[in-house]
Structures are given as C-alpha cells and as structure tokens.
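Report on the structure given below.
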Amino acid sequence: MKIAIYGQYYQNNTEEIVSKVITILKKNDFEVFIEKTFAENLSTISTKEYKTFSCHEELDESTAFLISIGGDGTILRAVTYIRNKNIPIVGINSGRLGFLATVQIENIELFINKMIQGNYTISQRTLLSLSSKPINHDLDDLNFALNEVSVSRKDTTSMITIETYLDNEYLTSYWADGLIISTPTGSTGYSLSCGGPILTPEVKSLVINPIAPHNLNARPLVIPDNTEIKLKVSGRENEYLVSLDSRITSVNNETVLYVKKSDFSIQLVEFPEEGFLKTIRKKLLWGEDRRN
Ligand SMILES: NC(=O)c1ccc[n+]([C@@H]2O[C@H](COP(=O)([O-])OP(=O)(O)OC[C@H]3O[C@@H](n4cnc5c(N)ncnc54)[C@H](O)[C@@H]3O)[C@@H](O)[C@H]2O)c1
Ligand SMILES: Nc1ncnc2c1ncn2[C@@H]1O[C@H](COP(=O)(O)OP(=O)(O)OP(=O)(O)O)[C@@H](O)[C@H]1O
C-alpha cells in the first residue's frame, strides 16, 4: 500500500519526526512517497530510497493516506496536492495550534498504528470553489478552499463595498474591510476571529461573515451549502484581494466572483481520542470558565 508524506518546512525536529513515521511504515511494508522538496531537505533520508512526488499529477490516486507534518497551514497546502483524489489526510502537529493537525508529536507511534489498524473515522470536509467573470487565469488552477474564500481591500485603508447575491437574489451590500465565506472547517479559522459561529465539521452550511463592517446590523449569516454566492466589489482602488485559504491574488473591480461548494470533498482522518469536540475544548478553550 502507498503512503505519501508531505511537509512544507524543514525545522530542527523534522528529521526525527519523519524517521519515526517511516520506521513504522516500513515495518508494515508500506511503499513510502515523499514530496520532493521536503525529501531533498532531509539529510538522513536518501531520496533514492523513496519515490517522490512534486505536484498533484504525480500523487497517485491509489495512495492510502497522506501524512502531513507541520501545522494547519501545511494541511491547507497538502489539499492542493490531493484535490479530488479522495486520499485521507493524517495531520501530525509539529506546529503551534494544530487545530486540523491533531496527532501530537509524542503520540506519533500510537496514532500511526491506529491508522494502519483502521481505528479511525473519516471526517468529510466541504470545500469551496471559485470562478469569475471575466475568467481570471490566476484563479484557474487552485480555485478551491478548505477554510474560506475571502475578499478584502487592497492598497487602501478605505473600506470596500461588496454587493452580495445568494442564488442570484440580492442579499445586501456590505461596507467593510472585506467578506469571508467560510466552510464548516474554516469556521474555526479567520471567520471565528471576525465573530463568526463555529460549525461542527459535518454541518451542510456556509458562513458569510463581513470583516470589520462599519455597521451595527451586519452579522454573520449561515446559509445552506448548496447556495451560489455572487460578489461584486467596488471601492476607491481599482483592485481588491481574493484569498483561498493561504493563497491570495489581486483582481480588478470589474471581476465578478462566484463561490459555491466544490464537487469534491477532503477526508480528514479523525481518531476517537482526538475528535472535534475535544479539539475545540483543548485548543480553543471552548466554554472554559475559571470559576468552575
Ligand atoms: N485573523 C485571523 O484569524 C486570520 C487572518 C488570516 C488568515 N487566517 C486563517 O489562516 C488560514 C491560513 O493559514 P496560514 O498558515 O497560511 O496562516 P497563519 O500562519 O497566519 O496561521 C493562521 C492560524 O490559523 C490557524 N488555522 C488555520 N486554519 C484553521 C482552522 N480551520 N481552524 C482553526 N484554526 C485554523 C492556524 O493554526 C494558525 O495558527 C486561513 O485559511 C485563515 O482561516 C486567520
Ligand atoms: N516539517 C516540519 N517539521 C517540524 N516542524 C514544522 C514542520 N512544518 C512546520 N513546523 C512548525 O510548525 C509551524 C507552523 O507550521 P504551519 O505553517 O504548517 O502551520 P500554521 O498555519 O502556522 O498553523 P499552526 O498554528 O497549527 O502551527 C512552523 O513555524 C514550525 O514551527
């Protein structure tokens, strides 16, 4: 069986983490594939010994799991390799928060063995896809997001106006720094920081959340995830920013954006000991009250 390993950064402890993972995988006769740039930085790993992949086309669809080593940012990047291949992601958290990457370094052996033995569940995560009129080639290839699509002001402190339509029906024009359209997964990311609600991962909804609206009655709105959202942006500058997770580009004000649920989802491996409810308690200190 094939297993892919992906990491974005190389740190002091990377070597140790990767060799721990590989030792277990080899013991269980897995065929290991490592992302090329990541593998080239690993001095104790011979790239000749392992096959590598350097783009999504080179990641085989028959890969049983992709093990992501890093933080949440690394998982977001891993998604750009997996796309619609249905390869489940196991996130080892060597980063800070590790909200999506739930396996802590000290538990690598325990959880990789659980993965091998099938003691896990799959959490299906909705993604958003983005299209535009006129077509913008910067948005062509990586036009999907696990967390959110956002628009925001560019090169100005002046707010932008975001005319918003749901299934072609006018909703409102937000006057704000920007607007976030978040998936349930993204509801604990940027949207949360802008006062948005937390959605449990399997909820079939999206959140539309203005960024710092200068208005007392603009609140986050939860909508069904089969809604198509149309955005028309205007402002003092000729361009605005569009982000998809950690990726960002500029588009001009004539560009109309269409955001909708992608036709594929991402599978996150979830271990019963590290489920979503425990994660929000542990990592967001959800509901913690020092008086009790
Ligand atoms: N003010 C904010 O809170 C803010 C601003 C911009 C982006 N972000 C988030 O950062 C993501 C991009 O990640 P990056 O690594 O490039 O940026 P980064 O380095 O600024 O890290 C962002 C932080 O958000 C956390 N995070 C990311 N996705 C999360 C999720 N689904 N649930 C809980 N926490 C999550 C990460 O653990 C990290 O601590 C975006 O998709 C967005 O959700 C947050
Ligand atoms: N391959 C790696 N090996 C060891 N440590 C890593 C590796 N990749 C990332 N890290 C650590 O994780 C940090 C954050 O990584 P990443 O950008 O993936 O996550 P993030 O989006 O900042 O989220 P988080 O808050 O979960 O760390 C890095 O600055 C580094 O300290």
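This is a predicted model, so every value here is computed, not measured. Whatever order the structure lists them in is the order used to number ligands and atoms, beginning at 1.
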May I ask you to identify the nearest protein heavy atom to atom 22 (O) of ligand 2, giving residue, atom name and distance to one decimal place in Å?
-> Arg96 NH2, 2.1 Å
Spell out, as yes or no, whether a donor-acceptor pair under 3.5 Å connects the side chain of Asp245 to the backbone of Leu76.
-> no
Short N-O contact, Lys36 and Glu58, less than 4.0 angstrom = no
Do any nitrogen or oxygen atoms of Thr14 lie less than 3.5 angstrom from nitrogen or oxygen atoms of ligand 2?
-> yes
How does Leu192 reach ligand 1, if at all, at less than 4.0 Å between non-hydrogen atoms: by side chain, backbone, both, or neither?
-> neither
Atom indices of ligand 1, in the order listed, that fall short of 4.0 Å to a heavy atom of Asp72 = 25 (C), 26 (N), 27 (C), 34 (N), 35 (C), 36 (C), 37 (O)
What protein heavy atom sits nearest atom 15 (O) of ligand 2, and how far away is it?
-> Gly71 N, 3.6 Å
At what distance is the nearest protein heavy atom to atom 38 (C) of ligand 1, and which residue and atom is it?
-> Arg96 NH2, 4.4 Å
How close does the nearest protein non-hydrogen atom get to atom 8 (N) of ligand 1, and which residue and atom is it?
-> Tyr190 CB, 3.8 Å
Assert yes or no for the condition that the ring centre distance of Phe264 to Phe144 is strictly below 6.0 Å.
-> yes
Glu57, CD: over 12 other non-hydrogen atoms inside 6.0 angstrom = yes
Please state which part of Thr188 comes within less than 4.0 Å of ligand 1, counting heavy atoms only: side chain, backbone, both or neither.
-> both
Can you establish whether the number of heavy atoms outside Leu285 located under 6.0 Å from its atom CG is more than 12?
-> yes
Sub-4.0 Å protein heavy atom near atom 20 (O) of ligand 1 = no
How about atom 24 (O) of ligand 1: does it have a protein heavy atom within less than 4.0 Å?
-> no
Between Phe99 and ligand 1, which part of the residue brings a heavy atom under 4.0 Å of the ligand: side chain, backbone, both or neither?
-> side chain
Would you check if the side chain of Thr188 reaches a backbone N or O of Thr185 as a donor-acceptor pair within less than 3.5 Å?
-> yes
Looking only at heavy atoms of Gly95, does any of them come nearer than 4.0 Å to an atom of ligand 2?
-> yes
Does the protein put a heavy atom under 4.0 Å from atom 10 (O) of ligand 1?
-> no
Here the gap from Glu15 atom CD to Ser43 atom OG, rounded to the nearest 0.5 Å, amounts to 4.0 Å
Inspect the contact between Glu237 and Lys154 and indicate whether a charged nitrogen and a carboxylate oxygen are less than 4.0 angstrom apart.
-> no
How long is the gap from NE2 on His56 to CG on Asn84, to the nearest 0.5 Å?
-> 9.0 Å
Between the CG atom in Leu66 and the CD1 atom in Ile266, the distance rounded to the nearest 0.5 Å is 9.5 Å
Flag Gly98 as yes when one of its N or O atoms lies below 3.5 Å from any N or O atom of ligand 2, and as no otherwise.
-> yes
Identity and separation of the nearest protein heavy atom to atom 23 (O) of ligand 2 = Asp72 N, 3.3 Å
Using protein heavy atoms only, decide if any is under 4.0 Å from atom 17 (O) of ligand 1.
-> no
Separation of Thr126 OG1 from Lys261 NZ (nearest 0.5 Å) | 5.0 Å
State whether the shortest distance between N or O atoms of Tyr10 and N or O atoms of ligand 2 falls below 3.5 angstrom.
-> no
Carboxylate-amine/guanidinium contact Lys260 Asp167, below 4.0 Å = no
Stepwise side-chain hydrogen bond (donor to acceptor under 3.5 Å, both in side chains) check, Arg236 with Thr156 | CA-CA 8 Å; Arg236 279 202 196 140; Thr156 175; 5.6 Å; no
Any protein heavy atom sitting closer than 4.0 Å to atom 3 (O) of ligand 1?
-> yes
Any donor-acceptor N/O pair, Thr183 side chain to Leu146 backbone, under 3.5 Å | yes
Does atom CG of Asp289 have more than 12 heavy-atom neighbours from other groups under 6.0 Å away?
-> yes
Nearest to atom 39 (O) of ligand 1, what protein heavy atom do you find, and at what distance?
-> Leu97 CB, 4.0 Å
In terms of atom number and element, which parts of ligand 2 are under 4.0 angstrom from non-hydrogen atoms of Thr74?
-> 16 (P), 18 (O)
Among protein heavy atoms, which sits nearest to atom 17 (O) of ligand 2, and what does the distance come to when rounded to 0.1 Å?
-> Tyr9 CE1, 3.3 Å
Within a distance under 4.0 Å of any heavy atom of Ser193, pick out the atoms of ligand 1 and give their elements.
-> 1 (N), 2 (C), 3 (O)
Ligand 1 atoms in contact with Glu148 (distance to a heavy atom under 4.0 Å) = 40 (C), 41 (O), 42 (C), 43 (O)
Can you check whether Lys51 reaches Glu31 side chain to side chain, under 4.5 Å on heavy atoms?
-> yes
Among all protein non-hydrogen atoms, which one is nearest to atom 13 (O) of ligand 1, and what is the separation to 0.1 Å?
-> Leu76 CD1, 3.7 Å
Flag the pair Lys26 and Glu49 as a salt bridge only when some basic side-chain nitrogen lies within less than 4.0 angstrom of an acidic carboxylate oxygen.
-> yes
Say whether Gly73, considering both its backbone and side-chain N or O atoms, lies within less than 3.5 Å of an N or O atom on ligand 2.
-> yes
Answer yes or no: does an N/O atom from Leu97 fall short of 3.5 Å to an N/O atom of ligand 2?
-> yes
Could you find the nearest protein heavy atom to atom 28 (N) of ligand 1 and give me its residue, atom name and distance?
-> Asn147 ND2, 2.9 Å
To which protein heavy atom is atom 28 (C) of ligand 2 closest, and what is the distance rounded to 0.1 Å?
-> Gln11 NE2, 4.1 Å
Near Asn13 (heavy-atom distance under 4.0 Å), the atoms of ligand 2 are 4 (C), 5 (N)
Number the atoms of ligand 2 from 1 as they appear, then name those within less than 4.0 Å of a heavy atom of Phe38, with their elements.
-> 1 (N)
Minimum-distance protein heavy atom relative to atom 15 (O) of ligand 1 | Gly73 CA, 3.4 Å
Considering residues, nucleotides and ligands other than Lys133, do more than 12 of their heavy atoms fall under 6.0 Å from its NZ?
-> no
If only atom types and distance count, is the side chain of Ser182 paired as donor or acceptor with the main-chain N or O of Ser187 below 3.5 Å?
-> yes
Tell me which protein heavy atom sits closest to atom 8 (N) of ligand 2, plus the residue, atom name and distance to 0.1 Å.
-> Gly70 CA, 3.4 Å
The protein heavy atom nearest to atom 7 (C) of ligand 2 is Ser94 OG, 3.5 Å
